[in-house]
Amino acid sequence: MNTHWWGQFGAQVASPEWAANALQTLVGAGVAFGVAITVLRKQLDHDRGLARKQRQEDLALAVAQRHAEAAAILGRRAILGAKALENFDDPGLVACVRTRSIGTWVTDEIMPGLEDTHDLTTEISLVFGEGMASPFWKVWMLRLHQWEVFRRTLLKLDQTQEMGPTNSPDFEHSFYNAVDKRMAKTSAILKEIGKSWVRWDGTGTFPAGDAILGQRNFEGWPGHRESAAWAEAERAMFLRDIQEGLT
C-alpha cells in the first residue's frame, strides 16, 4: 500500500505538470513576499515622515510658547513704563521735570519710565532679532526730546516768572496738564505696542509695532539736523498749553 502511494507521488513529482505548478507557486510566493516588503518599507518611510513632522511641529510649538512667554513679560514692562508719569501728582511731576535731564539718563535720575526701556530694547533685539525694537525705541526717542523741551521751558520760567510763580498750585496743575496732553499720544502708542506683545501667540513674526505706528500716524523726532526748529515749535505749543490752563 505504502509502496504504491510513494510510487504515485514520485510519478507526480517527476511529471512536467507538477514542476510547473510548483514553480508557479514559488514564483507567486516570491512575488507576494516582495510586495509585502515593498509595502512594509513604504509604511515605515511614511511612519518616519509622520514622526519627523510631529517632532518638527512639537519643536515649533515649544519655540512659539517660549517666544509668547518672553513677549508677554516684555509687553507688561513696556506698559508699566508708559504709565510711569501717571504715578505723579502736580507738584511731584513739576519737581521731576525740573531735576531729571535726558543727559543723565544712564543714572537713576532719569525720565520716569525710561529706567527699563534700554534693557527692554536690548532684550527684544537679542530674542527676536536686530531692528525689532526700533518702533518701540522711536516712540521713546520722541518722548525723551519732548521731556527735554519741558525741562528747559520750566527752568526758563523759573527764572523769568513770566507766567507767575512756578511753585504755585495753579501753575503746577496747569503744567501737569500740559505735559499730560503732550505725552498722551505716545503713552497710548506704547501701551498699545505692549498689549500686542502680551497677546502674541509666538507664531510668525514678532509684532514689533510698525503697523501700530502707521495706524496712529506717528511722527517721530526728526533728528539732529532739524532738532532746533522742532524743539522751538514744541516749546511754543507747550507754552500755549500752560497758558491756556492758567486763564
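This one's a predicted model, so the numbers in the text were calculated from it and none came from an experiment. Heavy atoms only: backbone and side chains are in, while hydrogens, waters and symmetry mates are out.
D170 and S168 are not linked by any side-chain donor-acceptor pair at a separation below 3.5 angstrom, with hydrogens and angles left out of the test.
D158 has its side chain within reach of L155: a pair of non-hydrogen atoms, C-beta onward, lies under 4.5 Å apart. Taking 4.5 Å as the limit, every side-chain heavy atom of F206 sits out of range of all side-chain heavy atoms of V127. In this structure, the side chains of D180 and F88 stay at 4.5 Å or more apart for every pair of heavy atoms.
Linking Ile, Leu, Val, Met, Phe, Trp and Tyr whenever their side-chain heavy atoms come within less than 4.5 Å puts M111 and W137 in one cluster. Hydrophobic clustering (ILVMFWY, side-chain heavy atoms < 4.5 Å, transitive): I79 and I193 are in distinct clusters. Under a hydrophobic clustering in which Ile, Leu, Val, Met, Phe, Trp and Tyr are joined whenever their side-chain heavy atoms come within less than 4.5 Å, directly or via other members, V97 and M141 fall into the same cluster. The same ILVMFWY cluster, assembled from side-chain heavy atoms under 4.5 Å apart, contains both W147 and L157.
In this structure, CZ in F175 is found 7.5 Å from OG1 in T153, a value given to the nearest 0.5 Å. The line from CZ of F136 to CG of L120 is 5.0 Å long, rounded to the nearest 0.5 Å. The distance from atom CZ of F150 to atom SG of C96, rounded to the nearest 0.5 Å, is 12.0 Å. Rounding to the nearest 0.5 Å places CG of L80 at 9.0 Å from CG of N87. We find the CG-NZ distance between L190 and K195 to be 12.0 Å, quoted to the nearest 0.5 Å. With values rounded to the nearest 0.5 angstrom, Q161 atom CD is found 10.0 Å from Q159 atom CD.
Closest non-hydrogen pair, T117 versus G113, comes out as OG1-O, 3.0 Å. For the pair G194 and A78, the tightest heavy-atom approach, listed with the atom from each and the gap, is CA-CB, 4.2 Å. What you find for P112 and A84 is that their closest heavy atoms are C-CB, 3.6 Å. L114 and W140 make their closest contact through N-CH2, 3.8 Å (heavy atoms, listed as atom of the first residue, atom of the second, distance). Across G131 and P135, no two heavy atoms sit closer than the pair O-CD, 3.9 Å. The heavy-atom pair separating K191 from A82 by the smallest distance is CG-CB, 3.8 Å.
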Side chain to side chain contact (heavy atoms under 4.5 Å, CB included) between Y176 and L85, intermediate numbers included
CA-CA 10 Å; Y176 181 99; L85 292 179; over 6 Å; no
I'd like to know whether M132 forms a side chain to side chain contact (heavy atoms under 4.5 Å, CB included) with T205, so could you lay out the CA-CA distance, the side-chain angles of the two residues, the decisive distance to 0.1 Å, and finally the verdict.
CA-CA 10 Å; M132 289 301 178; T205 303; 3.8 Å; yes
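Sorted by first and then second residue, the side-chain hydrogen bond (donor to acceptor under 3.5 Å, both in side chains) pairs involving residues 71-83 (not counting sequence neighbours) are R77-D116, R77-E123. Here ring-ring contact (aromatic ring centres under 6.0 Å, His included) pairs that include residues 59-79, with residues two or more places apart or in two chains, are H67-F128.
Partners of E69 under the side chain to side chain donor-acceptor pair (under 3.5 Å) rule, at least two apart in sequence or in another chain, do not exist in this structure. Taking the salt bridge (Lys or Arg N to Asp or Glu O under 4.0 Å) definition, one finds that K138 meets it with nothing, sequence neighbours left out.
Side-chain N or O atoms of T186 include one that pairs as donor or acceptor with a backbone N or O of M183 at under 3.5 Å. Panel note: side chain W221, backbone L144; no donor-acceptor pair is recorded below 3.5 Å.
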Side-chain atoms of residues 207-220: list all donor-acceptor pairs with protein atoms under 3.5 Å, sequence neighbours left out, distances to 0.1 Å.
residue: R216; atom: NE; partner: E192; partner atom: OE1; Å: 2.9
residue: R216; atom: NH2; partner: E192; partner atom: OE1; Å: 3.0

For residues 230-247, dump all side-chain donor-acceptor pairs below 3.5 Å to protein atoms at least two apart in sequence or in another chain.
residue: E234; atom: OE1; partner: R182; partner atom: NH2; Å: 3.1
residue: E234; atom: OE2; partner: R182; partner atom: NH2; Å: 3.2
residue: D241; atom: OD1; partner: K181; partner atom: NZ; Å: 3.2
residue: T247; atom: OG1; partner: Q243; partner atom: O; Å: 3.4
residue: T247; atom: OG1; partner: E244; partner atom: O; Å: 3.2

